[in-house]
K.L.:
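Before anything else, here's the structure in question.
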Amino acid sequence: LMADEATLFIETEHPIDFTVADATAIAKGATLQLNDPLTAIAPTATSAMVAGIAAAEKIASDGVTKLAVYRGGIFRMTASGTITAGDPVGLVIGSNRVVSNVGSLTLSGSRVLGTSFESATNGQTFYVELRPNVAYVAV
């Protein structure tokens, strides 16, 4: 298991297949960044474009180049910093945690992973509604 993996609590949508690199290992529950075309990769930046959450494990160099990725559902996730119930949350580089996007930047594109259903402090787990979308946050 990876540290801080997202755990499915309520499945509200079926996962869809994304292209992934054969040489890459991806843990079940990993947060993933959207890359072109319909490709999922490890986050390369905080608040990067969101693909979703890996629904299954991908073993490196196993010949598989498709991976089921959730884009909807309720997940138990781990906070990076302080998050308030209702905050839009986003990806964190080098971590499987999520960060509040409130007040941090003006967002464009699909940079919101979803909405916090609970308040949490750094390292705490809390419920998040996975729903990749666009939000414009006042700075």
Side-chain angles (χ1 to χ4, degrees):
L1 290 176
M2 71 181 302
D4 300 324
E5 70 273 1
T7 305
L8 181 65
F9 178 62
I10 300 172
E11 184 178 55
T12 61
E13 297 178 21
H14 295 293
I16 61 172
D17 282 345
F18 275 73
T19 299
V20 292
D22 175 36
T24 302
I26 300 171
K28 179 179 180 179
T31 55
L32 299 168
Q33 178 180 323
L34 177 66
N35 207 11
D36 186 46
L38 194 61
T39 301
I41 63 173
T44 61
T46 296
S47 295
M49 299 293 183
V50 177
I53 296 173
E57 179 182 17
K58 160 71 177 85
I59 298 168
S61 302
D62 61 358
V64 174
T65 58
K66 294 290 182 185
L67 180 67
V69 175
Y70 281 109
R71 289 188 50 86
I74 311 300
F75 286 80
R76 193 90 176 140
M77 301 189 78
T78 304
S80 176
T82 301
I83 297 173
T84 301
D87 281 0
V89 296
L91 302 175
V92 176
I93 188 171
S95 164
N96 207 52
R97 295 182 177 197
V98 292
V99 64
S100 173
N101 285 336
V102 170
S104 59
L105 68 159
T106 300
L107 302 174
S108 62
S110 184
R111 296 180 192 274
V112 173
L113 180 128
T115 304
S116 170
F117 275 0
E118 300 179 283
S119 294
T121 57
N122 192 53
Q124 283 188 317
T125 59
F126 66 111
Y127 289 110
V128 172
E129 177 187 25
L130 173 64
R131 186 171 305 279
N133 62 77
V134 177
Y136 297 95
V137 179
V139 290

K.L.:
What heavy-atom pair brings Ala120 and Gln124 nearest, and what distance separates the two atoms?
P.N.:
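Shortest heavy-atom separation between Ala120 and Gln124 comes out as CA-OE1, 3.3 Å.
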
K.L.:
Check Ala40 against Val20 and note the closest heavy-atom contact, atom names and distance.
P.N.:
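For Ala40 versus Val20, the nearest heavy atoms are O-CG1, 3.7 Å.
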
K.L.:
Hey, does Glu57 have a side-chain heavy atom less than 4.5 Å from the side chain of Ile59?
P.N.:
yes

K.L.:
Run the side-chain contact (heavy atoms from CB on, under 4.5 Å) check on Phe18 and Leu32 step by step: do they pass?
P.N.:
CA-CA 10 Å; Phe18 275 73; Leu32 299 168; over 6 Å; no

K.L.:
Any chance you could lay out the side-chain contact (heavy atoms from CB on, under 4.5 Å) test for Val89 and Val112, step after step, and finish with the verdict?
P.N.:
CA-CA 6 Å; Val89 296; Val112 173; 5.9 Å; no

K.L.:
Test of understanding: clusters of I, L, V, M, F, W, Y form through side-chain heavy atoms closer than 4.5 Å, transitively. Do Leu34 and Val92 belong to the same one?
P.N.:
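No; tracing contacts between hydrophobic side chains, which count when under 4.5 Å, never links both residues.
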
K.L.:
Which atom names give the shortest non-hydrogen contact between Thr82 and Ser100, and what distance separates them?
P.N.:
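That would be O-CB, 3.8 Å.
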
K.L.:
Salt bridge (Lys or Arg N to Asp or Glu O under 4.0 Å) with Asp62: which residues, sequence neighbours excluded?
P.N.:
Lys58

K.L.:
Taking atom OG of Ser47 and atom CG of Asn101, what is their separation to the nearest 0.5 Å?
P.N.:
4.0 Å

K.L.:
For a side-chain contact (heavy atoms from CB on, under 4.5 Å) check, start with the C-alpha distance between Leu91 and Gln33, then their side-chain angles and the critical distance, and finish with the verdict.
P.N.:
CA-CA 8 Å; Leu91 302 175; Gln33 178 180 323; 4.3 Å; yes

K.L.:
Ignoring hydrogens and angles, tell me if any N or O in the side chain of Thr39 forms a donor-acceptor pair with the backbone of Pro37 under 3.5 Å.
P.N.:
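Yes; at least one donor-acceptor contact below 3.5 Å.
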
K.L.:
Mind listing the side-chain donor-acceptor pairs of residues 71-80 below 3.5 Å, one per line with the distance, residues two or more places apart or on another chain?
P.N.:
{"from": "Arg71", "atom 1": "NH1", "to": "Val50", "atom 2": "O", "distance (Å)": "3.3"}
{"from": "Arg71", "atom 1": "NH1", "to": "Ala51", "atom 2": "O", "distance (Å)": "2.8"}
{"from": "Arg76", "atom 1": "NE", "to": "Thr125", "atom 2": "OG1", "distance (Å)": "3.4"}
{"from": "Arg76", "atom 1": "NH1", "to": "Glu118", "atom 2": "OE1", "distance (Å)": "3.0"}
{"from": "Arg76", "atom 1": "NH2", "to": "Thr125", "atom 2": "O", "distance (Å)": "3.4"}
{"from": "Arg76", "atom 1": "NH2", "to": "Thr125", "atom 2": "OG1", "distance (Å)": "3.3"}
{"from": "Thr78", "atom 1": "OG1", "to": "Asp4", "atom 2": "OD1", "distance (Å)": "3.4"}

K.L.:
Using the rule that Ile, Leu, Val, Met, Phe, Trp and Tyr join whenever any side-chain heavy atoms are under 4.5 Å apart, tell me whether Val98 and Val69 fall into a single cluster.
P.N.:
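No, it is not one cluster - the side chains of Val98 and Val69 are not joined through contacts under 4.5 Å.
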
K.L.:
With heavy-atom distances below 4.5 Å as the criterion, would you say the side chains of Phe117 and Glu129 are in contact?
P.N.:
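The answer is yes; the side chains approach within 4.5 Å.
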
K.L.:
For the hydrophobic clusters of this structure (ILVMFWY residues joined by side-chain heavy atoms under 4.5 Å, transitively), does one cluster hold both Ile41 and Val64?
P.N.:
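In one cluster with Ile41: Val64, no.
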
K.L.:
What residues, two or more places apart in sequence or in another chain, satisfy side chain to side chain donor-acceptor pair (under 3.5 Å) together with Thr31?
P.N.:
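Asn96.
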
K.L.:
In Å and rounded to the nearest 0.5 Å, what is the OG1 to CD1 distance from Thr115 to Ile83?
P.N.:
11.5 Å

K.L.:
Rounded to the nearest 0.5 Å, what's the gap from NZ on Lys28 to CD1 on Ile53? Could you check?
P.N.:
12.0 Å

K.L.:
Can you find a heavy atom in the side chain of Leu67 that is under 4.5 Å from one in the side chain of Ile26?
P.N.:
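Of all side-chain heavy-atom pairs linking Ile26 with Leu67, at least one is under 4.5 Å.
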
K.L.:
Is any side-chain heavy atom of Ile10 closer than 4.5 Å to a side-chain heavy atom of Leu8?
P.N.:
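With C-beta onward as the side chain, the pair stays apart.
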
K.L.:
Tell me the closest heavy-atom pair linking Pro88 and Val102, and the distance in Å.
P.N.:
CD-CG2, 3.5 Å

K.L.:
Ser119 versus Phe126: any side-chain heavy-atom pair under 4.5 Å?
P.N.:
no

